[in-house]
Amino acid sequence: MKEFPQSEALQRLPEQFFAKLVNKVMKVKEQHDDVINLGQGNPDQPTFKPIVDQLKKAADNPNYHKYPPFAGYPFLKEAVADYYKREYNVDVDPRTEVAVLAGTKTGLVEISQCLLNAGDTVLVPDPGYPDYWSGIALAGANMHEMPLKQENDFHPDFSELSDNTLHNAKLMFLNYPNNPTGAVATHALFEEAINLGDKHDICIVHDFAYGAIGFDGKKPISFLQIPGAKNVGVEMLTLSKTYNMAGWRVGFVVGNPSVIKAIELIQDHYYCSLFGGIQEAAAFALKSDQSNVTQLVNMYESRRKALVDGAQKIGWNVEAPKGSFFAWFPVPEGYKSETFADLVLEKARVVVAPGVGFGKYGEGYVRIGLLSEEKILQEAMERIGKLQLFSSSL
Ligand SMILES: Cc1ncc(COP(=O)(O)O)c(C=O)c1O
């Protein structure tokens, strides 16, 4: 059989680090049926029932059996604008400042193809969500990592960026509440980013995937709440985490009209928007009473307590995440993130995600998801405790 070579663009794509992890986990699972997987980021709860019911009704609507409008139904964009007004008191023009995405993963890859030329520089958080890298690679652009360090609350230190880097930079990705560190943004951080974007013509992309998930009674701030945000950037919003709709593939990009136009242009060539029934159910989710979301966040907060208490009990000196559904724990002395993750997989049958998979500054940490019940999180900590890895272990 002929083997056709992949395009140069495809060959530039980074290795999928987590595919390797999945293979390791499968091997252990073949021999043991009690593996606890805390390594992934898939919400464990079903979509809220009223949203599913809305889709069922909408599926009968023959209008939705036809091609939808290329850029999505106006009612969905209006629902996004209403959501921003209600949740953040931000005014958004649904006609020019919202694009519908088949999940934000798609938008995060597309935006690099929309705005970058080969050789441009992109500022990316490190550790960070690996999908940012994919679009950058396809565009033939260069990544410049912005280290997220614990001593800086996992915010980038923009003063470390040289004039040359800032001159060549065209795009910057930020993500708060942050995957993988669980850190949250401040007004000051976003203001600094906006000033930088304005001064150096850098488009700021704020990935707000975990926007609904903030702990200790603190609602995470939207980038668009900060004056001047729309002038320099966009925010990506997804229904995947807020409403447990990861499988539905619905997201949005909201903000600067020139960026929205570019995203809609590329999408005119790739897709024909989403099934109308999904769009109707998505609009329903955004517009309806959000008490299910509050309950979901409370559930993650209880799990956070179970995990952090369990960790402290075994002598693991950890900090609780402020948002997202991930905890970012340091590995014990003498280990690297991968050797520690391999050890707890083999000896405790607990899967954690090695921090280095999120970038070189993720070394020294592992990411643990709050996507299992409290008792499972507790058991995972007990099993890791039995390995006696921490100086104050019982
Ligand atoms: C930080 C971050 N951004 C974006 C996404 C993509 O979300 P979706 O494509 O489901 O909208 C994820 C998913 O895990 C994520 O963790």
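The shown structure was predicted, so the numbers you read here are calculated from the model rather than taken from an experiment. In each ligand, atom 1 is the first atom listed, and ligand 1 is the first ligand listed.
For Phe252 and Phe208, the distance between ring centers is not under 6.0 angstrom.
Taking 4.0 Å as the cut-off between side-chain N and carboxylate O, Lys27 and Glu30 do not count as a salt-bridged pair. Ionic pairing of Glu280 and Lys287 is not present here: no N-O contact between side-chain nitrogen and carboxylate oxygen is shorter than 4.0 angstrom. Using a 4.0 Å cut-off between charged nitrogen and carboxylate oxygen, Lys336 and Glu338 do not count as a salt-bridge pair.
With sequence neighbours excluded, no residue forms a salt bridge (Lys or Arg N to Asp or Glu O under 4.0 Å) with Glu78.
Side chain to side chain, Thr165 and Ser162 meet the donor-acceptor criterion of an N or O pair below 3.5 Å.
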Every pair of nitrogen or oxygen atoms between ligand 1 and the protein that is under 3.5 angstrom apart - can you list them with their distances to 0.1 Å?
unit_1, atom_1, unit_2, atom_2, d
ligand 1, 3 (N), Asp207, OD1, 3.3
ligand 1, 3 (N), Asp207, OD2, 2.6
ligand 1, 7 (O), Thr104, OG1, 3.3
ligand 1, 9 (O), Thr104, N, 3.3
ligand 1, 9 (O), Lys105, N, 2.9
ligand 1, 9 (O), Arg249, NH2, 2.7
ligand 1, 10 (O), Ser240, OG, 2.6
ligand 1, 10 (O), Arg249, NH1, 2.9
ligand 1, 11 (O), Thr104, N, 2.7
ligand 1, 11 (O), Thr104, OG1, 2.7
ligand 1, 11 (O), Thr238, OG1, 2.7
ligand 1, 14 (O), Lys241, NZ, 2.7
ligand 1, 16 (O), Asn179, ND2, 2.8
ligand 1, 16 (O), Tyr210, OH, 2.7

